[in-house]
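Letters A, B, ... are given to chains in the order of the sequence lines, protein chains preceding strands, and every chain is numbered from 1. These figures come from a predicted structure and were not determined experimentally. Basis for what follows: all heavy atoms, side chains included, without hydrogens, waters or symmetry-related copies.
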Number of protein chains: 6
Amino acid sequence: MPIIRIETWKGTTLDKKRDLVESLTREACRILGCTPEVVSVIIDEVDKENWGAAGELCSERFPDK
Amino acid sequence: MPIIRIETWKGTTLDKKRDLVESLTREACRILGCTPEVVSVIIDEVDKENWGAAGELCSERFPDK
Amino acid sequence: MPIIRIETWKGTTLDKKRDLVESLTREACRILGCTPEVVSVIIDEVDKENWGAAGELCSERFPDK
Amino acid sequence: MPIIRIETWKGTTLDKKRDLVESLTREACRILGCTPEVVSVIIDEVDKENWGAAGELCSERFPDK
Amino acid sequence: MPIIRIETWKGTTLDKKRDLVESLTREACRILGCTPEVVSVIIDEVDKENWGAAGELCSERFPDK
Amino acid sequence: MPIIRIETWKGTTLDKKRDLVESLTREACRILGCTPEVVSVIIDEVDKENWGAAGELCSERFPDK
(Lines give C-alpha, C1' and ligand atoms only; values in the text may rest on other atoms or scores of the structure.)
Protein backbone atom coordinates (compact mmCIF):
# COMPACT_ATOMS: atom_id res chain seq x y z
CA MET A 1 0.00 0.00 0.00
CA PRO A 2 2.68 2.47 -0.98
CA ILE A 3 2.21 6.19 -0.43
CA ILE A 4 4.24 8.38 -2.76
CA ARG A 5 4.70 12.05 -2.10
CA ILE A 6 6.41 14.42 -4.49
CA GLU A 7 7.35 17.95 -3.56
CA THR A 8 7.97 20.27 -6.44
CA TRP A 9 7.71 23.96 -7.25
CA LYS A 10 4.26 25.40 -7.67
CA GLY A 11 3.00 25.66 -11.21
CA THR A 12 2.70 22.09 -12.43
CA THR A 13 0.03 21.78 -15.12
CA LEU A 14 -2.90 19.40 -14.84
CA ASP A 15 -1.43 17.27 -17.65
CA LYS A 16 1.85 16.89 -15.81
CA LYS A 17 0.03 16.06 -12.57
CA ARG A 18 -1.92 13.36 -14.38
CA ASP A 19 1.30 12.02 -15.89
CA LEU A 20 3.04 12.04 -12.49
CA VAL A 21 0.22 10.09 -10.87
CA GLU A 22 0.03 7.56 -13.71
CA SER A 23 3.77 7.08 -14.08
CA LEU A 24 4.78 6.96 -10.44
CA THR A 25 1.90 4.58 -9.68
CA ARG A 26 2.83 2.33 -12.61
CA GLU A 27 6.50 2.16 -11.61
CA ALA A 28 5.70 1.50 -7.95
CA CYS A 29 3.32 -1.32 -8.93
CA ARG A 30 5.86 -2.88 -11.28
CA ILE A 31 8.65 -2.80 -8.74
CA LEU A 32 6.78 -3.55 -5.53
CA GLY A 33 4.34 -6.02 -7.04
CA CYS A 34 1.12 -4.35 -6.00
CA THR A 35 -2.04 -3.19 -7.79
CA PRO A 36 -2.71 0.48 -8.63
CA GLU A 37 -5.71 0.47 -6.27
CA VAL A 38 -3.44 0.42 -3.22
CA VAL A 39 -1.13 3.23 -4.33
CA SER A 40 -1.65 6.85 -3.25
CA VAL A 41 0.26 9.75 -4.76
CA ILE A 42 0.30 13.22 -3.27
CA ILE A 43 1.74 16.15 -5.18
CA ASP A 44 2.87 18.90 -2.86
CA GLU A 45 3.39 22.12 -4.79
CA VAL A 46 5.70 24.42 -2.88
CA ASP A 47 5.98 28.12 -3.55
CA LYS A 48 9.51 29.05 -4.63
CA GLU A 49 9.68 31.60 -1.85
CA ASN A 50 9.12 28.74 0.62
CA TRP A 51 11.91 26.56 -0.77
CA GLY A 52 15.55 27.14 0.00
CA ALA A 53 18.51 25.76 -1.91
CA ALA A 54 22.15 26.42 -1.14
CA GLY A 55 21.08 28.83 1.58
CA GLU A 56 18.98 31.05 -0.71
CA LEU A 57 15.29 31.31 -1.46
CA CYS A 58 14.56 29.62 -4.80
CA SER A 59 12.40 32.64 -5.71
CA GLU A 60 15.63 34.68 -5.69
CA ARG A 61 18.13 32.05 -6.84
CA PHE A 62 15.91 30.86 -9.70
CA PRO A 63 13.57 33.77 -10.48
CA ASP A 64 10.75 33.14 -12.92
CA LYS A 65 11.64 34.40 -16.36
CA MET B 1 4.67 14.81 22.77
CA PRO B 2 2.81 13.23 19.88
CA ILE B 3 2.45 15.03 16.58
CA ILE B 4 -0.55 13.94 14.54
CA ARG B 5 -0.89 14.88 10.91
CA ILE B 6 -3.97 14.14 8.84
CA GLU B 7 -4.05 14.58 5.09
CA THR B 8 -7.48 14.84 3.58
CA TRP B 9 -9.18 16.45 0.60
CA LYS B 10 -9.60 20.18 0.66
CA GLY B 11 -12.96 21.41 1.82
CA THR B 12 -13.19 20.40 5.46
CA THR B 13 -15.45 22.73 7.42
CA LEU B 14 -14.29 24.59 10.52
CA ASP B 15 -16.59 22.43 12.67
CA LYS B 16 -15.04 19.25 11.33
CA LYS B 17 -11.55 20.65 11.85
CA ARG B 18 -12.40 21.46 15.45
CA ASP B 19 -13.84 17.96 15.91
CA LEU B 20 -10.73 16.37 14.35
CA VAL B 21 -8.39 18.27 16.64
CA GLU B 22 -10.46 17.50 19.75
CA SER B 23 -11.06 13.84 18.94
CA LEU B 24 -7.62 12.88 17.70
CA THR B 25 -6.01 14.68 20.65
CA ARG B 26 -8.35 12.97 23.12
CA GLU B 27 -7.71 9.49 21.70
CA ALA B 28 -3.93 10.03 21.57
CA CYS B 29 -3.93 11.18 25.21
CA ARG B 30 -6.04 8.25 26.34
CA ILE B 31 -3.87 5.68 24.58
CA LEU B 32 -0.41 7.17 25.05
CA GLY B 33 -0.99 8.51 28.55
CA CYS B 34 -0.12 12.14 27.90
CA THR B 35 -1.83 15.49 28.48
CA PRO B 36 -3.51 17.46 25.67
CA GLU B 37 -0.96 20.26 26.11
CA VAL B 38 1.78 18.15 24.51
CA VAL B 39 -0.22 17.03 21.47
CA SER B 40 -0.06 18.86 18.14
CA VAL B 41 -2.44 18.14 15.26
CA ILE B 42 -1.89 19.40 11.74
CA ILE B 43 -4.62 19.14 9.13
CA ASP B 44 -3.19 19.10 5.64
CA GLU B 45 -5.92 19.80 3.11
CA VAL B 46 -4.88 18.51 -0.30
CA ASP B 47 -6.51 19.62 -3.52
CA LYS B 48 -8.12 16.65 -5.30
CA GLU B 49 -6.11 17.46 -8.41
CA ASN B 50 -2.96 16.93 -6.34
CA TRP B 51 -4.00 13.53 -4.99
CA GLY B 52 -3.76 10.36 -7.03
CA ALA B 53 -5.54 7.11 -6.30
CA ALA B 54 -5.32 3.96 -8.43
CA GLY B 55 -3.20 5.86 -10.94
CA GLU B 56 -5.78 8.60 -11.55
CA LEU B 57 -6.22 12.12 -10.25
CA CYS B 58 -8.92 12.18 -7.57
CA SER B 59 -10.36 15.29 -9.25
CA GLU B 60 -11.18 13.05 -12.24
CA ARG B 61 -11.85 9.76 -10.46
CA PHE B 62 -14.08 11.35 -7.82
CA PRO B 63 -15.35 14.59 -9.37
CA ASP B 64 -17.27 16.98 -7.16
CA LYS B 65 -20.99 16.58 -7.67
CA MET C 1 -8.97 8.74 1.65
CA PRO C 2 -7.40 10.28 4.71
CA ILE C 3 -3.84 9.47 5.67
CA ILE C 4 -3.09 9.87 9.36
CA ARG C 5 0.45 9.90 10.65
CA ILE C 6 1.34 9.98 14.32
CA GLU C 7 4.85 10.60 15.55
CA THR C 8 5.52 9.49 19.07
CA TRP C 9 8.43 8.25 21.18
CA LYS C 10 9.69 4.78 20.50
CA GLY C 11 8.34 2.09 22.78
CA THR C 12 4.64 1.92 22.03
CA THR C 13 3.24 -1.56 22.74
CA LEU C 14 1.43 -3.61 20.15
CA ASP C 15 -1.85 -3.15 22.06
CA LYS C 16 -1.49 0.61 22.01
CA LYS C 17 -0.63 0.55 18.30
CA ARG C 18 -3.78 -1.49 17.62
CA ASP C 19 -5.81 0.94 19.71
CA LEU C 20 -4.30 3.95 17.90
CA VAL C 21 -5.13 2.50 14.49
CA GLU C 22 -8.67 1.55 15.51
CA SER C 23 -9.46 4.78 17.32
CA LEU C 24 -7.93 7.28 14.93
CA THR C 25 -9.54 5.47 11.98
CA ARG C 26 -12.93 5.43 13.70
CA GLU C 27 -12.81 9.13 14.55
CA ALA C 28 -11.65 10.12 11.06
CA CYS C 29 -14.50 8.10 9.50
CA ARG C 30 -17.09 9.59 11.83
CA ILE C 31 -15.98 13.15 11.19
CA LEU C 32 -15.07 13.01 7.51
CA GLY C 33 -17.83 10.63 6.46
CA CYS C 34 -15.68 7.93 4.90
CA THR C 35 -15.33 4.18 5.32
CA PRO C 36 -12.44 2.57 7.25
CA GLU C 37 -11.20 0.94 4.04
CA VAL C 38 -9.94 4.27 2.71
CA VAL C 39 -8.09 5.34 5.84
CA SER C 40 -4.37 4.72 6.34
CA VAL C 41 -2.60 5.24 9.64
CA ILE C 42 1.16 5.32 10.01
CA ILE C 43 2.79 5.24 13.42
CA ASP C 44 6.23 6.77 13.35
CA GLU C 45 8.17 5.83 16.46
CA VAL C 46 10.97 8.30 17.05
CA ASP C 47 13.92 7.61 19.31
CA LYS C 48 14.04 10.10 22.17
CA GLU C 49 17.59 11.02 21.21
CA ASN C 50 16.24 12.10 17.81
CA TRP C 51 13.53 14.34 19.24
CA GLY C 52 14.21 17.79 20.58
CA ALA C 53 11.94 19.82 22.84
CA ALA C 54 12.70 23.26 24.22
CA GLY C 55 16.14 23.06 22.66
CA GLU C 56 17.16 19.84 24.41
CA LEU C 57 17.21 16.19 23.40
CA CYS C 58 14.22 14.39 24.89
CA SER C 59 16.58 11.56 25.91
CA GLU C 60 18.22 14.06 28.28
CA ARG C 61 15.24 16.22 29.19
CA PHE C 62 12.96 13.25 29.85
CA PRO C 63 15.30 10.33 30.63
CA ASP C 64 13.76 6.89 30.95
CA LYS C 65 13.21 6.00 34.57
CA MET D 1 14.44 20.14 -7.39
CA PRO D 2 11.80 17.56 -6.70
CA ILE D 3 11.88 15.49 -3.53
CA ILE D 4 10.12 12.15 -3.82
CA ARG D 5 9.28 10.11 -0.77
CA ILE D 6 7.83 6.62 -0.91
CA GLU D 7 6.48 4.85 2.13
CA THR D 8 6.18 1.12 1.81
CA TRP D 9 6.31 -1.97 4.02
CA LYS D 10 9.66 -2.97 5.40
CA GLY D 11 11.47 -5.65 3.47
CA THR D 12 12.26 -4.10 0.12
CA THR D 13 15.35 -5.65 -1.44
CA LEU D 14 18.36 -3.62 -2.49
CA ASP D 15 17.56 -4.34 -6.15
CA LYS D 16 14.06 -2.99 -5.77
CA LYS D 17 15.35 0.07 -3.94
CA ARG D 18 17.79 0.74 -6.78
CA ASP D 19 14.99 0.30 -9.30
CA LEU D 20 12.69 2.64 -7.34
CA VAL D 21 15.32 5.36 -7.21
CA GLU D 22 16.19 5.01 -10.90
CA SER D 23 12.62 4.78 -12.14
CA LEU D 24 11.00 7.45 -9.99
CA THR D 25 13.88 9.83 -10.75
CA ARG D 26 13.65 9.13 -14.49
CA GLU D 27 9.88 9.70 -14.59
CA ALA D 28 10.10 12.88 -12.52
CA CYS D 29 12.81 14.26 -14.83
CA ARG D 30 10.84 13.39 -17.97
CA ILE D 31 7.65 15.00 -16.70
CA LEU D 32 9.00 18.00 -14.81
CA GLY D 33 11.85 18.77 -17.20
CA CYS D 34 14.71 18.61 -14.74
CA THR D 35 18.02 16.77 -14.52
CA PRO D 36 18.55 13.71 -12.27
CA GLU D 37 21.09 15.67 -10.22
CA VAL D 38 18.35 17.78 -8.62
CA VAL D 39 16.05 14.89 -7.69
CA SER D 40 16.12 13.28 -4.25
CA VAL D 41 14.27 10.06 -3.44
CA ILE D 42 13.70 8.80 0.08
CA ILE D 43 12.41 5.30 0.72
CA ASP D 44 10.69 5.05 4.06
CA GLU D 45 10.27 1.42 5.05
CA VAL D 46 7.48 1.09 7.60
CA ASP D 47 7.05 -1.94 9.82
CA LYS D 48 3.68 -3.62 9.16
CA GLU D 49 2.85 -3.32 12.84
CA ASN D 50 3.18 0.46 12.49
CA TRP D 51 0.85 0.72 9.49
CA GLY D 52 -2.91 0.60 9.81
CA ALA D 53 -5.36 -0.10 7.01
CA ALA D 54 -9.12 -0.26 7.39
CA GLY D 55 -8.73 0.19 11.13
CA GLU D 56 -6.46 -2.84 11.59
CA LEU D 57 -2.71 -3.27 11.90
CA CYS D 58 -1.28 -4.52 8.60
CA SER D 59 0.76 -7.06 10.58
CA GLU D 60 -2.56 -8.69 11.53
CA ARG D 61 -4.61 -7.93 8.42
CA PHE D 62 -1.86 -9.04 6.04
CA PRO D 63 0.34 -11.41 8.06
CA ASP D 64 3.59 -12.55 6.48
CA LYS D 65 3.18 -15.98 4.95
CA MET E 1 22.33 16.09 1.64
CA PRO E 2 20.13 17.19 4.50
CA ILE E 3 16.53 18.16 3.92
CA ILE E 4 15.13 20.54 6.53
CA ARG E 5 11.45 21.21 6.81
CA ILE E 6 9.92 23.77 9.12
CA GLU E 7 6.21 24.00 9.79
CA THR E 8 5.03 27.27 11.19
CA TRP E 9 1.92 29.44 11.17
CA LYS E 10 1.04 31.20 7.98
CA GLY E 11 2.17 34.78 7.75
CA THR E 12 5.95 34.64 7.75
CA THR E 13 7.46 37.62 5.93
CA LEU E 14 9.84 37.24 3.02
CA ASP E 15 12.69 38.59 5.18
CA LYS E 16 12.07 35.98 7.84
CA LYS E 17 11.87 33.23 5.19
CA ARG E 18 15.23 34.36 3.80
CA ASP E 19 16.68 34.38 7.30
CA LEU E 20 15.28 30.92 8.04
CA VAL E 21 16.79 29.45 4.88
CA GLU E 22 20.18 31.11 5.46
CA SER E 23 20.39 30.31 9.17
CA LEU E 24 19.11 26.75 9.14
CA THR E 25 21.34 25.93 6.15
CA ARG E 26 24.38 27.48 7.83
CA GLU E 27 23.83 25.60 11.09
CA ALA E 28 23.22 22.29 9.31
CA CYS E 29 26.42 22.72 7.28
CA ARG E 30 28.47 23.62 10.35
CA ILE E 31 27.22 20.65 12.36
CA LEU E 32 26.96 17.99 9.66
CA GLY E 33 30.02 19.06 7.72
CA CYS E 34 28.41 19.58 4.33
CA THR E 35 28.27 22.40 1.79
CA PRO E 36 25.23 24.67 1.40
CA GLU E 37 24.69 23.33 -2.12
CA VAL E 38 23.42 19.99 -0.78
CA VAL E 39 20.98 21.43 1.76
CA SER E 40 17.28 21.93 0.98
CA VAL E 41 14.94 23.85 3.24
CA ILE E 42 11.17 23.79 2.90
CA ILE E 43 8.99 26.22 4.81
CA ASP E 44 5.51 24.87 5.29
CA GLU E 45 3.14 27.64 6.33
CA VAL E 46 0.11 26.18 8.05
CA ASP E 47 -3.12 28.09 8.53
CA LYS E 48 -3.92 28.47 12.24
CA GLU E 49 -7.31 26.89 11.65
CA ASN E 50 -5.49 23.77 10.43
CA TRP E 51 -3.23 23.49 13.47
CA GLY E 52 -4.40 22.09 16.78
CA ALA E 53 -2.71 22.54 20.13
CA ALA E 54 -3.96 21.16 23.43
CA GLY E 55 -7.05 19.89 21.65
CA GLU E 56 -8.10 23.28 20.28
CA LEU E 57 -7.70 25.00 16.95
CA CYS E 58 -4.88 27.54 17.13
CA SER E 59 -7.16 30.02 15.34
CA GLU E 60 -9.38 29.94 18.45
CA ARG E 61 -6.75 29.36 21.14
CA PHE E 62 -4.41 32.03 19.79
CA PRO E 63 -6.63 34.41 17.77
CA ASP E 64 -4.90 37.08 15.73
CA LYS E 65 -4.94 40.39 17.55
CA MET F 1 4.86 26.40 17.69
CA PRO F 2 7.26 25.51 14.92
CA ILE F 3 8.05 21.91 14.12
CA ILE F 4 11.44 21.39 12.48
CA ARG F 5 12.34 18.12 10.85
CA ILE F 6 15.76 17.33 9.46
CA GLU F 7 16.45 14.30 7.32
CA THR F 8 20.06 13.29 7.10
CA TRP F 9 22.13 10.16 6.62
CA LYS F 10 22.25 7.69 9.45
CA GLY F 11 25.25 7.97 11.69
CA THR F 12 24.94 11.33 13.39
CA THR F 13 26.63 11.36 16.78
CA LEU F 14 24.82 12.27 19.97
CA ASP F 15 26.87 15.48 20.21
CA LYS F 16 25.82 16.54 16.74
CA LYS F 17 22.18 15.71 17.50
CA ARG F 18 22.35 17.86 20.62
CA ASP F 19 23.93 20.67 18.61
CA LEU F 20 21.29 20.37 15.88
CA VAL F 21 18.45 20.59 18.39
CA GLU F 22 20.01 23.53 20.23
CA SER F 23 21.01 25.47 17.13
CA LEU F 24 17.92 24.96 15.01
CA THR F 25 15.69 25.78 18.00
CA ARG F 26 17.68 28.92 18.78
CA GLU F 27 17.55 30.17 15.19
CA ALA F 28 13.84 29.44 14.85
CA CYS F 29 13.13 31.32 18.09
CA ARG F 30 15.23 34.30 17.06
CA ILE F 31 13.59 34.58 13.64
CA LEU F 32 10.01 33.66 14.45
CA GLY F 33 9.87 35.33 17.83
CA CYS F 34 8.86 32.35 19.92
CA THR F 35 10.18 30.64 23.04
CA PRO F 36 12.17 27.38 22.92
CA GLU F 37 9.38 25.61 24.82
CA VAL F 38 7.12 25.65 21.75
CA VAL F 39 9.69 24.35 19.27
CA SER F 40 9.97 20.66 18.37
CA VAL F 41 12.84 19.23 16.36
CA ILE F 42 12.81 15.75 14.85
CA ILE F 43 15.98 14.23 13.41
CA ASP F 44 15.17 11.58 10.85
CA GLU F 45 18.23 9.46 10.15
CA VAL F 46 17.89 7.77 6.79
CA ASP F 47 19.96 4.79 5.73
CA LYS F 48 22.07 5.61 2.68
CA GLU F 49 20.57 2.63 0.87
CA ASN F 50 17.15 4.27 1.32
CA TRP F 51 18.20 7.63 -0.10
CA GLY F 52 18.56 8.27 -3.80
CA ALA F 53 20.42 11.15 -5.43
CA ALA F 54 20.82 11.70 -9.15
CA GLY F 55 19.03 8.42 -9.76
CA GLU F 56 21.43 6.31 -7.73
CA LEU F 57 21.38 4.91 -4.22
CA CYS F 58 23.56 7.04 -1.95
CA SER F 59 25.04 3.81 -0.54
CA GLU F 60 26.53 3.22 -4.01
CA ARG F 61 27.13 6.81 -5.10
CA PHE F 62 28.74 7.83 -1.83
CA PRO F 63 30.01 4.59 -0.26
CA ASP F 64 31.33 4.75 3.28
CA LYS F 65 35.09 4.95 3.30
task: Under 4.5 Å heavy-atom distance to chain B, tell me which part of E:Glu56 shows up: side chain, backbone, both or neither.
output: backbone
Nearest 0.5 Å please: distance from the [atom1] atom of [X] over to the [atom2] atom of [Y].
X       : Y       : atom1 : atom2 : value
E:Trp51 : B:Arg5  : CH2   : CZ    : 8.0 Å
E:Glu49 : B:Thr13 : CD    : OG1   : 9.5 Å
B:Asp44 : E:Asn50 : CG    : CG    : 8.0 Å
B:Leu20 : E:Leu57 : CG    : CG    : 9.0 Å
B:Leu14 : E:Glu60 : CG    : CD    : 5.5 Å

task: Among the options B:Arg26, B:Arg18, B:Glu37, B:Glu45, pick out the one with the most heavy-atom pairs lying under 4.5 Å from chain E.
output: B:Arg18
